[in-house]
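By convention in this document, chain letters (A, B, ...) are assigned in the order of the sequence lines, proteins followed by strands, and residues within each chain are numbered from 1.
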Amino acid sequence: MTAPRNVPEKPALEGLEAKWDRVWEADGTYRFDRTATRDQVYSIDTPPPTVSGALHVGHIFSYTHTDTLARYHRMRGKQVYYPMGWDDNGLPTERRVQNFFGVRCDPSLPYDPDFAPPEAPGKDELPISRRNFVELCEQLTATDEQVFEQLWRRLGLSIDWRLTYATIDERSRRASQRAFLRNLARGEAYQQEAPSLWDVTFRTAVAQAELEDRERPGAYHRLAFKRSDGRDLLIDTTRPELLAACVAVVAHPDDSRYAPLFGQTITTPLFKAAVPMVAHTLADPDKGTGAAMICTFGDTTDVIWWRELDLPVRAIVDRGGRLVSDPPPGIDPGPYAEIAGRTVNGAQQRIVELLKESGELIGDPRPITHPVKFFEKGQRPLEIVTSRQWYIRNGGRDQKLRDALIGRGRELNWVPEHMRVRYENWVGGLNGDWLISRQRFFGVPFPIWYPLDADGRPDYRRPIAADEARLPVDPSSDAPPGYAEDRRDRPGGFTADPDVMDTWATSSLSPHIACYWEDDPDLFERTFPMDLRPQAHEIIRTWLFATVTRAHFEHGALPWSTAAISGWVLDPDRKKMSKSKGNAVTPMATLEAFGADALRYWAASGRPGTDTAFEEGQMKVGRRLAVKILNASRFVLGQEPAADSEAAETLDRALLAHLGDLVDDATAAFDRGDYARALESTETSFWSFTDDYLELVKNRAYGGRGGRAGASARHTLETALDVYLKLFAPFLPYVTEEVWSWWRQGSVHRSAWPEAGELRAEAGDVNPAAAAVAADALREIRRIKSDAKVRLGAAIATATVTDTAERLAVLAQVAEDVADAGRCRELLTAVGTELSVTAELEAETAA
RNA sequence: GGGCGCGUAGCUCAGAUGGCAAGAGCGCUUCCCUUACAAGGAAGAGGCCGGGGGUUCGAGUCCCUCCGCGCCCA
């Protein structure tokens, strides 16, 4: 019986990607079936890549990991909900739109429905409304998304491409505003006038999660303050320019040098302000002279001192990083006129000169290097200014909430497990709530207005919330409920909240956006809480934590059950690959050079959470594996089909038993998120299948030992091929699909994951050692030929296998296969203590 | 300074609950065009598992300590 099998004469990898991408798209292979119920669904909270950036191999790496899991669960019978998001919210996009079109966002302007951007960016940026700006953003990112999608498709991500979202699109804005309004209604969001970290370049407040310390040069300046008894009190400071903002002098309560001074009044140099001497445990006796000036505000410790010691405010730095023009009360305005309006650096220079002249600078400044807080995207040190900001509670000021959120972290299944610690350290170390307002113009605006009193002053205590049914709104162009647009910014009318939300305030809702929260309750119920959040480890403190917090408030639950944290891709120098370092590799070029399956093989061999070197050698190995699969499949499928036959021979049944174990191993590995282990097991097994089993049964498969033994071999070969194709399918989607199409209907990616039980049932009570005994004997025979420098096909007259009686008993069951594979006319055995083989080579007849 | 991870053949890495006389691939050496595969196949060489202590019948695997590297945080 010869069934038509479409096995090519010279199978090749070239062209498979374009071919199968087309078929998968046409057949809807990866489409989500939304009639599936929640327990039949596996849903993935795909990280939305920043479209204004470029994809690099790091993306290839981690997105491949997720895709292998998606494909595995699909084959396990789940409906996989695997959408793709695009992150086009936030500063990178804002800057890109500005530069590309030569415009800037001005929310005070009305929307112009006929607006068209200038042909070429002009000299001056053209101010446009927020809505127009968002439209340009969507226009620009649409092309970026195309490029990204092409790459993802080439890589073979099994995304349902009907399911995409963008973080600035209407649905995302609606979800973001809705969640905020609900936080506000429940008291989880609040606004407060308070000192907060401020970036003077971007002129916006920034959150604790966006800070980073950078080592910067500075200098200790020793200043002479005056005690009430007229003696000097020396204080070291790195920020003498803040002297005018000094509100107190502090020392440690146990510091005997200063104990007598506590409660007394100290006079500051130059400005002659009278400030109290106070005690606080955060004052470090070993730093400088042990006494420090408290300024409003030089650093975060100043904020703590100011708050806990109930000190007044004497603010001198404005939001642009310059000193305010008018001196604060209580200081000598004379010297202040010298520094008013200067930048912080300029003020420092002048202050030092003034202190030198007055003799109040003791000695020369002593240069040091110290950590300074920066906005992670900023270039100038952060200042601390007092401003009105929106916050969402995150446990930073509430132990009970903090404990609850740490509890959520413990509920979550972390892959790898040790990443949980990063979450706990971060949440445990919070020192304030999450500041979500940004004084930017592009982004999701707060759906909030304020009533204006008769004098036109906003009443911040009575914010007017948007109607949920009308979201998303832009308060700068939409009027609040109960007001007409002509009451905007008029006494007795209303004014819009000018701020936008932090990008994390929107991306923390990615599960809600992806699952159509409130927009499609039926779909939401089938997909949320999600199963998997894949992401990078450096944004555990931001994206992961914020997402957990929002879901905790909104649903009292985790947003997903598992978080899979990926590692970095390192270059050969063990440094993280990134574009800025100039060592990043272009993904498309790599894809074209090695093929998607090869690149995926490299990516999938990086264990979960482990940093992995970018190594072309691994890609070559992946390519070789894919070619091997083609060739081995050609051999298996080139035989007569073995319909209705069964595994009768010992060697065949031993292979089936081994395959049962392999399936168990790979399945268990996938179930704990360890795709790399599943690949490694499968690959190791597959190579021994081709190297040993295939050679051992070749003669039988060709019919050398008659019908039943041959059918057994062919049947087992087919069964094994079926299993290997399925186990490799999550990693090598193209080559496995290609081979599948030679003899099977449908897609391997929609086929059922193999069942270990079925394989073992057919194997019966075979001794699984038979395969190893046969392979060992064959290896010894090969060695004899190799040592004799003859070809492997050379015939052996008589071979004698010496081994233990136990192993010889097993060998007896597979002896014919060994003799055939070794080309031995006669195979004898002798009992001994360990395996050895001797052989008499047959004389080669001259060809 | 704190936390986490890592340090196993020249290179890239595996080595669950301690049993290994230490594994894979690449690279290297030698051989082989055998009817799946010469962009291949076979065989082989190569390691005091970062150093030092300890627990144990037994440690790459557990504990302590030191050294080096990376990341996160302060």
Subject >> Span that lies between the C1' atom of B/rU29 and that of B/rC13, in whole angstrom >> reply: 23 Å
Original post:
When you compare B/rC72 with B/rG58, how far apart are their P atoms, in angstrom units rounded to a whole number?
Top reply: 43 Å
**OP:** Would you mind reading off the distance between A/Trp426 atom CH2 and B/rC73 atom P, rounded to a whole angstrom?
**Re:** 7 Å
**OP:** Please step through side-chain hydrogen bond (donor to acceptor under 3.5 Å, both in side chains) for the pair A/Arg533 and A/Thr547, ending with a clear verdict.
**Re:** CA-CA 10 Å; A/Arg533 155 62 74 83; A/Thr547 312; 3.2 Å; yes
Original post:
Checking all strands, does A/Leu630 fall into the base, sugar-phosphate, or nothing category for heavy-atom contacts under 4.0 angstrom?
Top reply: nothing
Original post:
Do any side-chain nitrogens or oxygens of A/Arg422 fall under 4.0 Å of OP1 or OP2 in B/rG3?
Top reply: no
Original post:
What nucleotide, of B/rA38, B/rC71, B/rC26, holds the atom closest to the side chain of A/Arg624?
Top reply: B/rC26
Original post:
Nearest to the side chain of A/Lys628, which nucleotide is it out of B/rC37, B/rG44, B/rA42?
Top reply: B/rC37
Subject >> Per A/Ser786 side chain, nearest of listed nucleotides B/rC32, B/rC37, B/rA42 >> reply: B/rA42
Original post:
Looking for any heavy atom pair under 4.0 Å, which part of the strands does A/Asn425 touch: base, sugar-phosphate only, or nothing?
Top reply: sugar-phosphate
Original post:
Roughly how many Å is it from CD in A/Glu780 to P in B/rG44, rounded to a whole number?
Top reply: 8 Å
Original post:
If we take the C1' atom in both B/rU12 and B/rC6, what is their distance in whole Å?
Top reply: 14 Å
**OP:** Please state whether the phosphate of B/rA43, meaning OP1 or OP2, lies under 4.0 angstrom from any side-chain nitrogen or oxygen of A/Arg779.
**Re:** yes
**OP:** Can you figure out which of B/rC71, B/rA43, B/rC4 approaches the side chain of A/Trp568 most closely?
**Re:** B/rC71
**OP:** Check the distance between B/rC31's P and A/Arg791's CZ and give it to me in whole angstrom.
**Re:** 17 Å
Original post:
Which class fits the ring pair A/His537 and A/Trp568: parallel under 30°, tilted 30 to 60°, perpendicular over 60°?
Top reply: perpendicular
Original post:
For A/Leu651 and A/Ala774, which heavy atoms make the closest approach, and how far apart are they?
Top reply: CD1-CB, 4.0 Å
**OP:** Using the six-membered ring wherever Trp is involved, compare the ring planes of A/His65 and A/Phe61 and label them parallel, tilted or perpendicular (cut-offs 30° and 60°).
**Re:** perpendicular
**OP:** For atom CD of A/Glu816, decide whether the heavy atoms of other residues, nucleotides or ligands shown that lie under 6.0 angstrom number more than 12.
**Re:** no
**OP:** Take atom CG of A/Leu841 and atom P of B/rC31, then tell me their distance rounded to the nearest Å.
**Re:** 17 Å
Subject >> Length of the CD1-P vector between A/Ile784 and B/rA43, whole Å >> reply: 12 Å
**OP:** Indicate, with a heavy-atom threshold strictly under 4.0 Å, whether A/Glu683 touches base, sugar-phosphate, or nothing.
**Re:** nothing
**OP:** Using a strict 4.0 Å threshold on nitrogen-to-oxygen distance, state whether A/Asp820 and A/Lys698 make a salt bridge.
**Re:** no
Subject >> Integer angstrom distance from the C1' of B/rA42 to that of B/rG18 >> reply: 36 Å
Original post:
Is there a side-chain hydrogen bond (donor to acceptor under 3.5 Å, both in side chains) between A/Thr64 and A/Tyr675 once you walk through the steps?
Top reply: CA-CA 10 Å; A/Thr64 296; A/Tyr675 48 83; over 6 Å; no
Original post:
Contact class for A/Gln618 vs. all strands (heavy atom < 4.0 Å): base, sugar-phosphate, or nothing?
Top reply: nothing
Subject >> A/Arg782 CZ to B/rG44 P, straight-line distance once rounded to whole Å >> reply: 11 Å
Original post:
What interatomic distance, in whole Å, is found between P of B/rC28 and the corresponding atom of B/rC64?
Top reply: 43 Å
Subject >> Proximity to the side chain of A/Asp611 - top-ranked nucleotide from B/rG70, B/rC37, B/rC72 >> reply: B/rG70
Original post:
On a whole-Å scale, what distance lies between the C1' atoms belonging to B/rG52 and B/rG7?
Top reply: 16 Å
**OP:** Can you tell me, in whole Å, how much space there is between the C1' of B/rG25 and that of B/rG44?
**Re:** 16 Å
Original post:
Picking from B/rA14, B/rC4, B/rC37, which would you name as closest to the side chain of A/Val421?
Top reply: B/rC4
Original post:
Base, sugar-phosphate alone, or nothing: which one does A/Ser605 contact when heavy atoms must sit under 4.0 Å apart?
Top reply: nothing
Subject >> Atom-pair distance (CG on A/Leu792; P on B/rG40), nearest Å >> reply: 17 Å
Original post:
Is a salt bridge present between A/Lys726 and A/Asp722, judged by a nitrogen-to-oxygen distance below 4.0 Å?
Top reply: yes
Subject >> Validation row: A/Arg700, A/Asp652 side chains within 4.5 angstrom (heavy atoms) >> reply: yes
Original post:
For A/Arg783 and B/rG44, is the shortest distance between a side-chain N/O and OP1 or OP2 below 4.0 Å?
Top reply: yes
Subject >> Toward the 5' end of RNA chain B, by each residue's nearest nucleotide, A/Ala788 or A/Phe635 >> reply: A/Ala788
Original post:
Taking atom C1' in both B/rU55 and B/rC63, what distance in whole Å separates the two?
Top reply: 7 Å
Subject >> Nearest to side-chain heavy atoms of A/Trp687, which nucleotide of B/rG41, B/rC72, B/rC31 >> reply: B/rG41
Original post:
Of all the choices, B/rA14, B/rG25, B/rA74, which nucleotide is nearest to the side chain of A/Arg607 once you look at every atom?
Top reply: B/rA14
Original post:
Rounded to the nearest Å, what distance is computed from the CD1 atom of residue A/Ile565 to the P atom of nucleotide B/rG70?
Top reply: 23 Å
Subject >> Residue whose nearest RNA chain B nucleotide is more 5′ - A/His418 or A/Arg823 >> reply: A/His418
Original post:
Using Watson-Crick pairs (N1 to N3, plus N6-O4 or O6-N4) and G-U wobble pairs, both distances under 3.5 Å, which stems of at least 3 pairs involve RNA chain B?
Top reply: B:1-7 with B:67-73, B:10-13 with B:23-26, B:28-32 with B:40-44, B:50-54 with B:62-66
Original post:
Which class fits the ring pair A/Phe670 and A/Tyr72: parallel under 30°, tilted 30 to 60°, perpendicular over 60°?
Top reply: parallel
Subject >> Candidate nucleotides B/rA14, B/rC71, B/rA43, ranked by approach to the side chain of A/His537 - the nearest >> reply: B/rC71
**OP:** With heavy atoms under 4.0 Å as the rule, sort A/Lys620 into base, sugar-phosphate or nothing.
**Re:** nothing
**OP:** Could you please name the option among B/rG41, B/rU12, B/rA14 that lies closest to any side-chain atom of A/Glu680?
**Re:** B/rA14
